[in-house]
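Encoded as structure tokens, the structure appears first; notes follow it.
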Amino acid sequence: MDNLDNFNTFVNKHFKISLIFLFLALFFGILYSINLLGYSIDSTTLLPSNIRSLHISLILYGFVPLMLSYLPFLIINKEGVKSSSGLHYLNLYTIFWYIFLVFMTASLLFGNTRGLAFYDFPYELNFILAIAGVFYIMALYKYIKAYEIIPLWIKVCLWVVVIAPFALLILMNPTIGQVESTISGPHGDNTLGMSLALIPIYYLIIKLLDEGTFKARWNILWIIPTVFYFCSVLYRTFVGHLTYEQEWFFQWLTFLYIPILYRWYKDAQIETFAKKALLISILAFLFVDVEGNILFIPEFRWLFHRNDLIVAHAHVAMGIGVFFMVIAMFVSYVKELKKLSFYILYLAGLLGIFTVLSISGFIQANVIHGNIDFLWMLRSIFGVLTFSSLFTFISFKLELTNLQKYNLFGVLADGLGGISLILLASFTYPLLGFSFTGTYEYIVFAFVSTTGIIHYFALRYKEHEQILTKLTVITRVIISSVFFALFYNKTLGIEALMISLFDVIFASIFLLFFYKENFLCQK
């Protein structure tokens, strides 16, 4: 029972932690949308190109893929198989994925991009993902050892995840990989490949959610596209590029996924909220499949190539189709996913974005006439609506002790303040008359943000409140003394004295009002 509780707690915790990266993805998406309206801030880190890369990369590598990767372990847990060591390695896998996301965010924020549409972060960061993949393999292996008879689907998963880290490093390599070579052209075989990757995920999700014993039918409908896809990859690798007609043929094979998903969904017995979330995902997938095939017609493709209609298409594919795969998976683990308000706000926002971008795409293609700037303004508004849906997962505790209020203020002052400085210092410093080199200051801002994080942990974990708060005090005193010294010898200006005064005053408040009480309690 303890192991079950540990797994449920683990899943619930990391679901909510990983939402931070979805929060950031939507935040940067809204900023980029506002940039397109002509409003921008002269900030080194908030350049439109940086923001666009951050938005796309955090969507593609953040919350959604991390949570999808939990799918085999959710099924294993459903089958009653437990492993404390497996859970330990799964936790390490998750932490290293977080480390990758932090490195990726920092790299893109400071303009370290590759000029690619989707894989824009530095290639070397893939090695962090590969390390995470090793822990994933170890976690899966530990769980497999707990089985008496290993199911076929787990054996397949193990082979896939063993190959994945090596495939990642090869395919993403800028010299020998496929990334740069597949960012132009029709890509019918790539579209088939992406759709094909989702079919086994749908199968496993239905297997997870089915309250009985799910048995897949009509399997020939995924076998045929699979065979043709691998033939196309081999042809492109060893022979040469595919013609448009050949890729068009592969593109239309995705229509075979429509009846098979219908059959699987009808055969499954699934709890209400999970079934609705899965239905939303499947409908989005089928819509994108049909629309994608229509847009692949040459006359349509070149008419709408790289305009807002394609962007709208991507929002449905990833923002609704793949996103609601994850939602369906975690309905039984995260109670907030049974709140109707989340679904209403999120879907209203995403469908609004899709609608206005689609209309904008027709205007850009000169099919109809209209005001694109007005539609882009609506996109920003719908983006805020989507963003607001995430507040469903935030709970506020209104009754706080004085020490908790102290830590809350620390979170706001240092945590949010540090992030604001990273994003806006190159803009605000000159306005205030401070010099800004754009080098050491960012290291200072990172320390400030870290202090805010320690305050958050002190606020979050009552049992460690005192020691964590004292740690912030020690940190503030040391930083304050260094800034005072740098101001006094004229290495830094008045801003250093202001930082020094703020930190020493904040630390003194704890010593004057909270330390004595704690000291006497210990006595």
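For the single chain, residues carry numbers from 1 onward in sequence order.
At a threshold of 4.5 Å between non-hydrogen side-chain atoms, the residues I41 and L424 count as touching. Looking only at side-chain heavy atoms (C-beta outward), P65 and L60 stay at 4.5 Å or farther from each other. Contact of the L295 side chain with the L309 side chain is registered, since non-hydrogen atoms from C-beta on lie closer than 4.5 Å. Counting heavy atoms from C-beta on, the side chains of L351 and I320 come closer than 4.5 Å. Looking only at side-chain heavy atoms (C-beta outward), R476 and F502 come within less than 4.5 Å of each other. Contact annotation: the side chain of L68 approaches that of V322 to within less than 4.5 Å [non-hydrogen atoms, C-beta and beyond]. Within the 4.5 Å cutoff, no side-chain heavy atoms of H455 are placed close to those of L408. In this structure the side chain of I128 never reaches within 4.5 angstrom of the side chain of M104, judged on heavy atoms.
In this structure, the side chain of Y32 does not engage the main chain of S49 through any donor-acceptor pair within 3.5 Å. Judged purely by atom type and a 3.5 angstrom limit, E441 uses its side chain to pair as donor or acceptor with the backbone of T439. One N or O on the side chain of S481 and one on the backbone of I478 form a donor-acceptor pair closer than 3.5 Å. The backbone N or O of S281 sits less than 3.5 Å from a side-chain atom of Y202, completing a donor-acceptor pair. Although no hydrogens or angles enter the test, the distance criterion places no donor-acceptor pair under 3.5 Å between the side chain of Y461 and the main chain of Y456. Between the side chain of S18 and the backbone N or O of H14 there is at least one donor-acceptor pair closer than 3.5 Å. Using a distance-only test at 3.5 Å, with no hydrogens or angles considered, a donor-acceptor pair links the side chain of N293 to the main chain of D289. Looking only at distances, no side-chain donor or acceptor of E291 sits under 3.5 Å from a matching main-chain atom of V288. Using modelled atom types, no side-chain atom of Y98 and backbone atom of I17 make a donor-acceptor pair closer than 3.5 Å. Side chain of D308 to main chain of V311: no donor-acceptor pair is present (N/O by atom type, distance under 3.5 Å, no hydrogens or angles).
Nearest heavy atoms, F121 versus L125: CD1-CB, 4.1 Å. Of all non-hydrogen atoms in A507 and V473, the two that sit nearest each other are CB-CG1, 3.9 Å. In terms of heavy atoms, F382 sits closest to V356 at CE1-CG1, 4.0 Å. Heavy atoms only, all atoms of each residue included: E495 and Y429 are closest at CG-CE2, 4.4 Å. Counting all heavy atoms, side chain and backbone alike, A425 lies closest to P430 at O-CD, 3.9 Å. Annotation for I454 and L468: closest pair CG2-O, 3.5 Å, computed over non-hydrogen atoms.
Checked against the 6.0 Å centroid criterion, the rings of F354 and F287 qualify as a close aromatic pair. For F15 and F63, the ring centers are positioned less than 6.0 Å apart. Between F323 and H315, the gap from one ring centroid to the other reaches at least 6.0 Å. Aromatic pair F135/F96: centroids less than 6.0 angstrom apart. Proximity of the aromatic rings of Y442 and F436 is defined here by a centroid distance below 6.0 angstrom, and this criterion is met. Taking the ring centroids of F387 and F23, they lie under the 6.0 Å cut-off.
Interatomic distance, OG of S57 versus CG of L108, reported as 5.0 Å (0.5 Å rounding). Here the CD1 atom belonging to I453 is positioned 13.0 Å from the OG1 atom belonging to T472, to the nearest 0.5 angstrom. Here the straight-line distance linking atom CE of M329 with atom CG of L74 works out to 5.0 Å at 0.5 Å rounding. Going from atom CZ of F362 over to atom CG of L375 covers 12.5 Å, rounded to the nearest 0.5 Å. S480 contributes atom OG, which lies 9.0 Å from atom CG of L497 (distance to the nearest 0.5 angstrom). The NZ atom of K13 sits 7.5 Å away from the CZ atom of F10 when rounded to the nearest 0.5 Å.
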Q | Trace of the side chain to side chain donor-acceptor pair (under 3.5 Å) decision for Y406 with T401 | A | CA-CA 9 Å; Y406 173 85; T401 65; over 6 Å; no
Q. Taking it one step at a time, do F27 and V384 satisfy side chain to side chain contact (heavy atoms under 4.5 Å, CB included)?
A. CA-CA 8 Å; F27 172 75; V384 172; over 6 Å; no
Q: Kindly indicate, with the supporting measurements, whether the criterion side chain to side chain contact (heavy atoms under 4.5 Å, CB included) is fulfilled by L385 and I381.
A: CA-CA 6 Å; L385 185 63; I381 294 171; 5.9 Å; no
Q: Start with the C-alpha gap between T392 and S341, add the side-chain angles, then the distance that decides, and say whether side chain to side chain contact (heavy atoms under 4.5 Å, CB included) holds.
A: CA-CA 8 Å; T392 304; S341 58; 4.2 Å; yes
Q) Stepwise, does the side chain to side chain contact (heavy atoms under 4.5 Å, CB included) test hold for Y136 with S69? A) CA-CA 9 Å; Y136 189 90; S69 69; 4.0 Å; yes
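Each of F127, Y61, Y93, F21 was scored for a ring-ring contact (aromatic ring centres under 6.0 Å, His included) with F100, with one residue passing: Y61.
Within a 6.0 Å radius of CZ in F103, no more than 12 heavy atoms belonging to other residues, nucleotides or ligands are found. Atom CG of D42 has 12 or fewer neighbouring heavy atoms from other residues, nucleotides or ligands inside a 6.0 Å radius. Under a cut-off of 6.0 angstrom, the local environment of CZ in F447 is sparse, with at most 12 non-hydrogen atoms contributed by other residues, nucleotides or ligands. Other residues, nucleotides and ligands contribute only 12 or fewer heavy atoms inside 6.0 Å of the NZ atom of K276. Counting heavy atoms of neighbouring residues, nucleotides and ligands inside a 6.0 Å radius, atom OH of Y440 exceeds 12 of them.
Using a 4.0 Å cut-off between charged nitrogen and carboxylate oxygen, K339 and E336 do not count as a salt-bridge pair.
Between the side chains of Y70 and T94, at least one donor N or O sits under 3.5 Å from an acceptor N or O. N50 and T113 share no side-chain donor-acceptor pair at under 3.5 Å. In this model, a donor atom of one side chain and an acceptor atom of the other lie less than 3.5 Å apart for S53 and D120.
The aromatic rings of F324 and F342 sit tilted relative to each other, their planes meeting at an angle between 30° and 60°.
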